[in-house]
Protein chains: 2
Amino acid sequence: MPPTSSPPELLQGTLDVMILSVLQSQSLHGYGIARQIEARSGRLLTIEEGSLYPALHRMTKRGELAAEWRTNDTGRRARFYRLTTDGKRRLAEQVSLWDTLSGAVSRVVHGSSRQAAPDARLGWE
Amino acid sequence: MPPTSSPPELLQGTLDVMILSVLQSQSLHGYGIARQIEARSGRLLTIEEGSLYPALHRMTKRGELAAEWRTNDTGRRARFYRLTTDGKRRLAEQVSLWDTLSGAVSRVVHGSSRQAAPDARLGWE
DNA sequence: AACCATACCTTGACGATCGATGTATAGTGT
DNA sequence: ACACTATACATCGATCGTCAAGGTATGGTT
């Protein structure tokens with residue numbers, strides 16, 4: 001049973017970096033990736049299957065993930081994903097980028113208004 | 001001259017909350033909004049005009065912004081935007097949501113791996 | 001006259017996400 | 001035996017936001 005409801009679309013573009021992140025320490029199949037992201041986020045994020053599988057396929061096509069069919073101990077077939085060398089490189093890049101850019105957005109929304117050089121032409125009131 | 005280059009599409013969905021934020025303390029026109037976001041972000045974020053104007057129009061249509069033509073002190077006509085009551089409410093909602101969700105993503109990518117209950121069925125390796 | 005910054009806008013294409021739907025098996029409870 | 005839930009894969013159509021590019025026009029500077 002997935003968490004509660006669907007989170008708003010405020011976070012477009014973050015699915016890739018989250019997938020890469022949870023695959024850093026372990027190989028997982030799609031369903032496990034979704035559960036892991038939900039667990040790590042404290043049940044705040046829900047991964048829709050209609051987003052997850054297209055993401056896994058395009059990342060595999062881009063060479064960031066490698067996929068392999070396996071059977072786990074309960075006898076169920078599942079497609080396990082692991083990071084390739086390219087995927088590890090992209091993981092590092094994207095995590096660093098997320099930190100930088102999410103920090104920038106936070107400064108904007110919390111008004112780090114260093115009104116650098118109060119410029120009368122730009123606004124009033 | 002806009003900053004350097006176009007930032008990746010990691011932050012889709014954050015434009016609205018940034019626009020609302022910079023309009024909290026002042027009325028601005030489109031160009032001024034873009035400059036303000038760039039300044040507050042420390043020149044990390046670039047707002048493309050093809051994203052900005054559609055966003056301003058749809059937010060006005062949704063009733064979050066009110067627009068008014070004015071002439072500033074240099075004699076140039078410009079369309080100034082301010083928050084409506086609805087816009088102020090949405091600003092508060094969206095900022096709080098951004099803080100919550102960006103925090104969740106950060107926990108995911110930095111592996112707050114409280115492997116809650118190590119579940120052999122979900123992965124191996 | 002040339003150029004740059006300011007200031008508005010639209011268009012077409014793209015890509016990612018979402019909700020819905022479909023299939024199938026394993027485990028659990030009754 | 002039956003029903004139900006969780007597991008596990010996948011695809012589809014619609015929607016939405018963004019982007020790159022282009023277009024118009026004025027004011028200030030060199």
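In what follows, chains are A, B, ... by sequence order, proteins preceding strands, each numbered from 1.
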task: Could you check how far CD of B/E49 sits from C1' of D/dC19, rounded to whole Å?
output: 12 Å
task: Between A/G50 and A/G75, just flag the one whose closest nucleotide in DNA chain C comes earlier from the 5' side.
output: A/G50
query: What is the distance from CD1 of B/I47 to C1' of C/dA7, rounded to the nearest Å?
result: 16 Å
- request: Send over the distance from B/L52 CG to D/dA20 P, rounded to a whole Å.
  value: 14 Å
query: B/R76 side chain: which of D/dA8, D/dG27, C/dT17 is closest?
result: D/dG27
message: Heavy atoms from C-beta onward define the side chain here; which of D/dT7, C/dG19, C/dT10 lies closest to that of A/E48?
response: C/dG19
message: Both B/T14 and A/Y53 contact DNA chain D. Which one's nearest nucleotide lies toward the 5' end?
response: A/Y53
- line: Whole-Å distance, A/K61 NZ to C/dG15 C1', equals 13 Å
message: How many whole angstroms separate atom CD1 of B/I33 from atom P of C/dT6?
response: 15 Å
query: Whole Å only: how far is the OH atom of A/Y31 from the P atom of C/dT25?
result: 17 Å
message: Closest approach to the side chain of B/S51, judged atom by atom: which nucleotide of C/dT10, D/dC9, D/dT18 is it?
response: D/dT18
message: Rounded to the nearest 0.5 Å, what separates atom CD in A/E64 from atom CZ in A/R58?
response: 9.5 Å
task: Rounded to the nearest angstrom, tell me the gap between atom CG in A/L10 and atom C1' in D/dC16.
output: 14 Å
Phosphate-side-chain proximity, B/R58 and D/dT18, N/O vs OP1/OP2 below 4.0 Å: yes
field: Length of the CG-C1' vector between A/L56 and C/dA16, whole Å
entry: 14 Å
query: Can you tell which of D/dT18, C/dC8, D/dC9 lies closest to the side chain of B/L15?
result: D/dT18
field: Per B/Y81 side chain, nearest of listed nucleotides C/dT6, C/dC9, C/dG19
entry: C/dC9
- prompt: Can you check whether A/H57 has a side-chain N or O nearer than 4.0 Å to OP1 or OP2 of D/dT11?
  reply: yes
- request: Might you point out which heavy atoms bring B/E49 and B/P54 nearest each other, and give the distance in Å?
  value: O-CD, 3.8 Å
message: Looking only at the side chain of B/H29 (C-beta and beyond, no hydrogens), which of the listed nucleotides C/dC9, D/dC9, C/dA7 gets closest?
response: C/dA7
